[in-house]
**Q** 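Quick one: the structure is below, and I'll ask about it shortly.
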Amino acid sequence: MPASGSVLAFDFGQKRIGVAIGTVLDAGRPGTARALTTIASEANDARFAAIADLIAEWQPLRLLVGHPRNEDGSAHEMTARCERFANQLRGRFRLPVEEVDERFSSVEADARLRGQGLSWQARKEQLDAEAACIILQSWFELLTARRTTSHANAHLSA
């Protein structure tokens, strides 16, 4: 289980990178997740400078990167690019980086934003950060499932 502290999640895209922030509480319990920002640059130097600023500000213990897959689980056209981005984060920032299945995160993000009554233009501006929030929330769900399983196994062993 990760220690308590903040976690940054990224929804990587060729034109934009959505970013969300969340917190892991004591004993590895997930806290809240929220959309943070969108890095709207295609230039790697600008992207990584913005990420460095976010890391300096939030001091995350861990980074998450959405790992795109097709509905059947096969590699998506963006899978290799996202894996490369995750490796670049590991190399540059020396933090643990996990890749999280992001199937349907953009579709779900758009539905959430539409449900808030946002116009197409407003949704487009917030979509990537909201998708990053969904990626983070799905990681929190995995964390909770792992905690539940480990607690159940501990009780069975006792």
**Q** For the salt bridge (Lys or Arg N to Asp or Glu O under 4.0 Å) test, which of E99, E83, E98 pairs with R90?
**A**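 For R90, the salt bridge (Lys or Arg N to Asp or Glu O under 4.0 Å) test succeeds with only one of E99, E83, E98, which is E99.
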
**Q** Evaluate the criterion side chain to side chain contact (heavy atoms under 4.5 Å, CB included) for residue pair L8 and L36; output intermediate values, then yes/no.
**A** CA-CA 9 Å; L8 283 174; L36 186 60; 4.1 Å; yes

**Q** For a quick test of reading the model, state the closest non-hydrogen atom pair linking V100 to S138 and the distance between them.
**A**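 The pair with the smallest heavy-atom distance is CG1-OG, 3.4 Å.
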
**Q** Counting N and O atoms only, with roles assigned by atom type, does the side chain of T38 sit under 3.5 Å from a partner on the main chain of A40, one being a donor and the other an acceptor?
**A**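 Side chain of T38 to backbone of A40, a donor-acceptor pair under 3.5 Å: no, none is there.
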
**Q** Run the salt bridge (Lys or Arg N to Asp or Glu O under 4.0 Å) test against R81 and tell me which residues pass, sequence neighbours left out.
**A**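 Not a single residue meets the salt bridge (Lys or Arg N to Asp or Glu O under 4.0 Å) criterion with R81.
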
**Q** Classify the ring geometry between F10 and F85 as parallel (under 30°), tilted (30 to 60°) or perpendicular (over 60°).
**A**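 Rings of F10 and F85: perpendicular, over 60°.
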
**Q** Has S6 got a side-chain atom pairing as donor or acceptor with T23's backbone, closer than 3.5 angstrom?
**A**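 No.
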
**Q** Which is it for L143 and V24 under the side chain to side chain contact (heavy atoms under 4.5 Å, CB included) test, yes or no, and what are the steps along the way?
**A** CA-CA 9 Å; L143 192 64; V24 176; 4.3 Å; yes

**Q** Counting C-beta onward and ignoring hydrogens, is there a side-chain heavy-atom pair between H67 and D101 closer than 4.5 Å?
**A**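 Sidechains of D101 and H67: no contact.
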
**Q** Between E42 and R47, which heavy-atom pair has the shortest distance, and what is it?
**A**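 Of all heavy-atom pairs spanning E42 and R47, the closest is CA-NE, 3.9 Å.
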
**Q** Can you tell me if CG on N44 sees more than 12 non-hydrogen neighbours from other groups inside 6.0 Å?
**A**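 Correct, the count exceeds 12.
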
**Q** Specify the closest pair of heavy atoms between G66 and C82, including all atoms of both residues, with the distance to one decimal.
**A**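 Where G66 meets C82 most closely, the heavy atoms are O-CB, 3.6 Å.
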
**Q** So I17 and D11, do their side chains get closer than 4.5 Å, heavy atoms only?
**A**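 D11 vs I17: side chains apart.
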
**Q** Taking the side chain as every heavy atom from C-beta outward, state whether L95 and L89 have any atom pair closer than 4.5 Å.
**A**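 A side-chain contact is absent here, since even the closest heavy-atom pair is not under 4.5 Å.
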
**Q** Step by step, work out the side chain to side chain contact (heavy atoms under 4.5 Å, CB included) result for I51 and L63.
**A** CA-CA 11 Å; I51 291 168; L63 306 176; 5.7 Å; no

**Q** Pair R84, F12 - check side chain to side chain contact (heavy atoms under 4.5 Å, CB included), show working.
**A** CA-CA 10 Å; R84 182 171 179 252; F12 176 82; over 6 Å; no

**Q** Testing I21, V7, V19 for side-chain contact (heavy atoms from CB on, under 4.5 Å) with W58, which one passes?
**A**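 Of the listed options, the one satisfying the test is I21.
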
